[in-house]
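Report on the following structure.
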There are 2 protein chains.
Amino acid sequence: MSKARPTPRPTGTTRIQREKRQAIFDAALDVFSENGLRGATLDAIAARAGLSKPNVIYYFEGKEAIYKELLESLLDIWIAPLIDLSDSHEPIEELLAYVRRKLDMSRDMPRESRLFATEMIQAAPHIRDVLSGPLKALMDEKAALIQSWMDAGLLAKSDPYHLIFSIWATTQHYADFDVQVRAVLGGQDPFDSAPEFVEILFRRMLTP
Amino acid sequence: MSKARPTPRPTGTTRIQREKRQAIFDAALDVFSENGLRGATLDAIAARAGLSKPNVIYYFEGKEAIYKELLESLLDIWIAPLIDLSDSHEPIEELLAYVRRKLDMSRDMPRESRLFATEMIQAAPHIRDVLSGPLKALMDEKAALIQSWMDAGLLAKSDPYHLIFSIWATTQHYADFDVQVRAVLGGQDPFDSAPEFVEILFRRMLTP
DNA sequence: GCATCACTTGACCAATTGGTCAAGAAATTT
DNA sequence: AAATTTCTTGACCAATTGGTCAAGTGATGC
């Protein structure tokens, strides 16, 4: 019997472990969402977490491990709204609620949005399997649901997949391109006017 | 009289200078659009350009200079379609042509799209002034034009700024999130079906 | 042919980076 | 309070990185 590692990595059971790991995750979310995996440094993460670099390594295998675990832990949160999209006798309201929720997430979780955006732009090497596996399956399911609404005449006909893409695109745009949006709008807060606009956009798109 | 630099940086007048500088730009576009400024390395750029690292430095001041010059040289191309948006007695067709042109650019210039996307996500430190200066002015002008169409009853009413944002978002999504889109769609080419969808989306949005 | 200038690069350097390690400081258990 | 385990870090290391430099190679003009 051989021990692979003299001090096994903490799994996060005790209070102090949970807190420190969370602090690292939080700092890593800042740093990774600003610079991507390659552009981020352990020093930056450690500094922002208020820990020493070796201490960070004590809790995680390394930079890439932090990134991977962070991505995976956020994936569930990120696709939850789509999972919750379910059959309804008012499909337009159901979809508009989904749009609203996605827009709220752009406002309240911009770092998460940018993290995923950067990962996607860089060809998603760490979550490719999730995209073509579970996410595709989820999309197929929801696209079928939307298609059934369209077939029933409750929704204007269009391509369900591209419809979801357009919802993702328009809502996440306010998180990912926040700087640009704010620069162009001057001092005005985008999230004051965006909800009304996206509601109009998708209501017109969806109403038969 | 003092010479600031023994060998002044080539400005790109001769044939060989233009070619090499272009090769570097092209390699840099690859590398920067994949990893961002911080994640990119001179070695990677030099290797992809087929040059030695010192040779790259011979033509440009340094990594940051390549990035800056590249960004600036692409900015004009990038906003050209919006500049060309002009008054017309068929504003819907004018706007749909703009949408189509943006979607074509996502298909034909995905690296450029990702380069700008990464810069924006990272708070656009290199083009902030452009965003809040010339781009804002351009947006104000075009938003006023769109508003005048709406006031004339030629276009369904909505917020012109957010309308342009939604056009940017939906079209650029196909370049920036190409991997995700393709993973979800399976083997199908997104650009086979996207044009039809975005046309439907914005026609419904714009028709009074 | 030779001088001049543009171009190219191997060798090198200092700074940064991901990560190790041994030893100490805190908790926790007994 | 002693023993044990968990947590923390200063010092260190090898690899990478942005960039320099002197010595070349090649083209161009005279």
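Residue numbering restarts at 1 for every chain, and letters A, B, ... go by the order of the sequence lines.
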Just to verify, what does [X] make a side chain to side chain donor-acceptor pair (under 3.5 Å) with, not counting sequence neighbours?
| X | answer |
| --- | --- |
| A:E72 | none |
| B:Y67 | B:E119 |
| B:D76 | none |

Donor-acceptor contacts, no H, no angles, side chain residues 136-147 of chain A, under 3.5 Å, sequence neighbours left out:
from   : atom 1 : to     : atom 2 : distance (Å)
A:K136 : NZ     : A:D140 : OD1    : 3.4
A:K136 : NZ     : A:D140 : OD2    : 3.0
A:D140 : OD1    : A:Y161 : OH     : 2.6
A:K142 : NZ     : A:I83  : O      : 3.1
A:K142 : NZ     : A:L85  : O      : 2.6
A:Q147 : NE2    : A:D151 : OD1    : 3.2

With sequence neighbours excluded, tell me which residues meet salt bridge (charged side-chain N to carboxylate O under 4.0 Å, His left out) with B:R100.
B:E199
Hey, can you pull the residues of residues 29-52 of chain B with a non-hydrogen atom under 4.0 angstrom from DNA chain C?
B:R38, B:S52
Identify whether the distance between the nearest side-chain nitrogen and carboxylate oxygen of B:D189 and B:R107 falls below 4.0 Å.
no
Could you tell me how far apart [X] ([atom1]) and [N] ([atom2]) are, to the nearest whole angstrom?
| X | N | atom1 | atom2 | answer |
| --- | --- | --- | --- | --- |
| A:R21 | D:dT8 | CZ | P | 13 Å |
| A:I57 | C:dA22 | CD1 | P | 17 Å |
| B:K63 | D:dT20 | NZ | P | 14 Å |

By the 4.0 Å heavy-atom rule, please label B:Y59 as base, sugar-phosphate, or nothing.
sugar-phosphate
Would you classify A:K53 as touching base, sugar-phosphate or nothing, given that sugar-phosphate means primed atoms plus P, OP1 and OP2, and contacts are heavy atoms under 4.0 Å?
base
With a 4.0 Å limit, can you tell me whether [X] has a side-chain N or O closer than that to the phosphate oxygens OP1/OP2 of [N]?
| X | N | result |
| --- | --- | --- |
| B:N55 | C:dT9 | yes |
| B:Q17 | C:dA6 | no |
| B:Y58 | C:dC7 | yes |

